[in-house]
Amino acid sequence: MSLGVSTGLKNMMTQSDLDLRETALKEDLKFYFMNPCEKYRARRQIPWKLALQILKILMVTTQLVFFGLSNQLVVSFKEENIVAFKHIFLKGYSGTDEDDYSCSIYTQQDAYDSIFYVINQYRHLKNTSLGTLGYEHEESGLKICKQQYKRGTMLPSNDTLNIDVSTETECILLKPKELIGKKAELELNSSFFNLEFYRLIQVEISFKLQGIALQTIHARELPDCYAFQNTITFNNRAHSGKIKIYFDSDTDIQECKDWHVFNSVLQKNTQYILVFDGFVILSCLASLILCTRSIILAWRLQKRFVNFFLEKYKRCVCYSDRLEFLNGWYVLVIISDVMTIIGSILKMEIKAKNLSSYDVCSILLGTSTLFVWVGVIRYLGYFQTYNVLILTMQASLPKVLRFCCCAGMIYLGYTFCGWIVLGPYHEKFEDLNTVAECLFSLVNGDDMFATFAQIQQKSSLVWMFSRLYLYSFISLFIYMILSLFIALITDSYDTIKKYQQSGFPVTDLHEFLKDHSSAGYRKERTSFPFICCCRRQQSDDNLILIN
């Protein structure tokens with residue numbers, strides 16, 4: 001008898017303990033899914049993450065603007081120097097590139113004149129250029145390499161060609177000192193410059209120049225030193241009677257070895273910006289710690305809920321309910337913070353003239369700022385009126401991705417077909433990348449008439465095929481595939497609107513929290529009138545368990 005009583009008491013204690021755990025778990029779950037204002041009303045928990053994100057948006061955006069203005073000076077200096085190089089070193093350059101190459105020549109005399117023109121302009125660079133340019137050092141110079149087939153004879157009158165297709169490369173280095181005086185004439189009259197054009201593949205002239213960007217001083221920044229690695233290629237691979245001249249310039253920003261700027265304003269301005277970048281790093285580091293802490297606490301809460309659900313109801317929580325605890329916005333903020341911290345460190349090194357990784361820094365700061373502004377949507381999503389965009393994107397994303405995979409197969413088929421058939425007759429179909437871009441513009445209704453009109457009518461069969469190809473692609477993608485794509489998103493939007501009116505589908509997590517009362521929370525209004533959102537009543541917005 002006493003054994004039964006003790007067993008009953010034990011069961012009652014176990015049930016009571018289970019009820020207490022369930023109440024505590026519901027309280028924690030309810031609190032977790034509240035927005036920052038509700039959390040403040042419930043437990044007077046100040047929304048540090050919200051305040052920090054607002055501050056971070058202002059700081060990161062300001063930092064990006066400063067870096068963008070500085071980067072504009074770098075880009076303009078590079079581009080203007082490249083244009084100047086083309087006008088200085090390319091004989092007869094018109095100021096406009098021909099297709100993907102700078103200019104072209106058609107006679108042997110033009111080839112010799114163009115090569116010697118480059119040498120002569122390099123020799124008199126200091127007396128010719130308007131910029132702050134100079135040679136890298138006296139040991140460097142103008143390197144000229146010619147690549148040609150090893151041996152060969154050609155008799156066009158008899159249609160006879162005897163050639164060894166293995167290639168050989170011969171180079172010569174002309175230093176600045178050697179280009180002055182009689183020695184230069186001997187070098188330029190050497191057998192190296194006797195070109196046999198029927199076996200010549202290309203002539204490559206490369207040289208390195210130094211420059212200093214003084215325009216940054218007007219923006220209250222210390223000047224940068226630049227190294228320009230220029231390469232001029234006379235391409236005769238086609239042997240078609242036309243030599244294409246390519247000009248390529250690789251720019252490297254270097255630390256000035258010995259510079260003295262006698263103006264304290266520039267140095268103070270640099271120090272102020274470095275201090276501001278330091279505050280940006282500290283704010284992002286604090287945001288990173290808070291968001292990481294929230295993800296860890298959410299994972300622990302999910303583990304508690306899963307274990308309790310398994311213990312009480314003897315079944316596992318579904319995958320969708322587990323995903324409710326994974327806050328994708330926190331993950332986005334963490335990625336943004338990491339990129340901002342790394343980008344800010346690179347920016348500080350660039351500002352101090354220790355690094356020149358402008359491209360890497362631009363990618364990091366630009367992407368992180370994008371993520372920061374996208375993350376603002378999270379706080380609008382707490383209000384049902386503004387939550388439609390987020391919920392529609394979440395609902396339509398899986399269907400849109402599956403649809404794009406199917407449509408992508410058709411798109412790739414048209415891409416390969418257009419490249420192989422229309423490539424020889426249309427400049428927009430010359431390579432796969434251009435074909436893909438052309439077809440994407442057609443889907444959006446751009447350049448339709450120009451694409452039809454530029455098909456060369458040299459082959460009637462290809463011209464007829466091009467019409468069938470373009471009409472079928474435009475009809476299929478604009479009238480059918482694009483319409484279905486929009487219909488998928490519209491259907492998801494209509495579904496979300498119905499859910500907001502009649503209620504969202506009830507999951508185990510919703511059912512678990514449905515009957516829980518939050519009477520234990522303090523509901524009195526805040527005494528701080530400047531926090532207007534904290535003065536709203538809880539009934540203003542319905543609780544939607546979508547992170």
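It should be emphasised that the depicted structure is a prediction, and the values quoted were computed from it without experimental measurement.
Remark: side-chain polar atoms of N444 are not paired, donor with acceptor, to backbone N or O of D446 under 3.5 angstrom. The backbone N or O of S368 sits less than 3.5 Å from a side-chain atom of S336, completing a donor-acceptor pair. Counting only distance, with no hydrogens or angles, the side chain of D491 and the backbone of A487 share no donor-acceptor pair below 3.5 Å. No donor-acceptor pair under 3.5 Å is formed between the side chain of T61 and the backbone N or O of L58. With T434 contributing its side chain and E430 its backbone, the two residues share no donor-acceptor pair below 3.5 Å. Of the possible donor and acceptor atoms, one in the side chain of R467 sits under 3.5 Å from a partner among the backbone N and O of F452. Proximity of a side-chain donor or acceptor of S287 to a complementary backbone N or O of C284 within less than 3.5 Å is not detected.
Using a 4.5 Å heavy-atom threshold, the side chains of I281 and M348 count as touching. By the 4.5 Å heavy-atom criterion applied to side chains, T340 and L364 are not counted as neighbours. In this structure the side chain of S362 reaches within 4.5 angstrom of the side chain of F67, judged on heavy atoms. With a 4.5 Å cut-off on side-chain heavy atoms, C438 and T451 count as touching. Here the side chains of F485 and C404 are in contact, with some heavy-atom distance below 4.5 Å. Between L365 and Q63, some side-chain heavy-atom pair lies under the 4.5 Å cut-off. The shortest side-chain heavy-atom distance between V374 and W329 falls under the 4.5 Å cut-off. Side-chain atoms of F465 and L461, non-hydrogen and from C-beta on, never get closer than 4.5 Å to each other.
Atom CG in D277 sits 11.0 Å away from atom OG1 in T62 (nearest 0.5 Å). Between atom CE of residue M393 and atom CD1 of residue I496 there is a gap of 12.5 Å, rounded to the nearest 0.5 Å. Residue L288 holds its CG atom at 11.0 Å from OG of S283, rounded to the nearest 0.5 Å. From M59, atom CE reaches atom CG of L52 across 9.5 Å, with rounding to the nearest 0.5 Å. Rounded to the nearest 0.5 angstrom, L297 CG and L301 CG are separated by 8.5 Å. Between I341 atom CD1 and L285 atom CG the span is 5.0 Å, to the nearest 0.5 Å.
Taking a 6.0 Å sphere around NZ of K303, one finds it holds 12 or fewer heavy atoms contributed by other residues, nucleotides or ligands. The local environment of CE in M448 is crowded, with over 12 non-hydrogen atoms from other residues, nucleotides or ligands closer than 6.0 Å.
Screening residues 387-422 for ring pair (Phe, Tyr, Trp, His ring centres under 6.0 Å), with sequence neighbours left out, gives Y411-F477, Y414-Y469, Y414-F473.
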Inset, instruction - Could you give me the CA-CA distance, side-chain angles and deciding distance for Y101 and E98, then say whether side-chain contact (heavy atoms from CB on, under 4.5 Å) is met? - result: CA-CA 5 Å; Y101 50 92; E98 303 177 20; 3.3 Å; yes

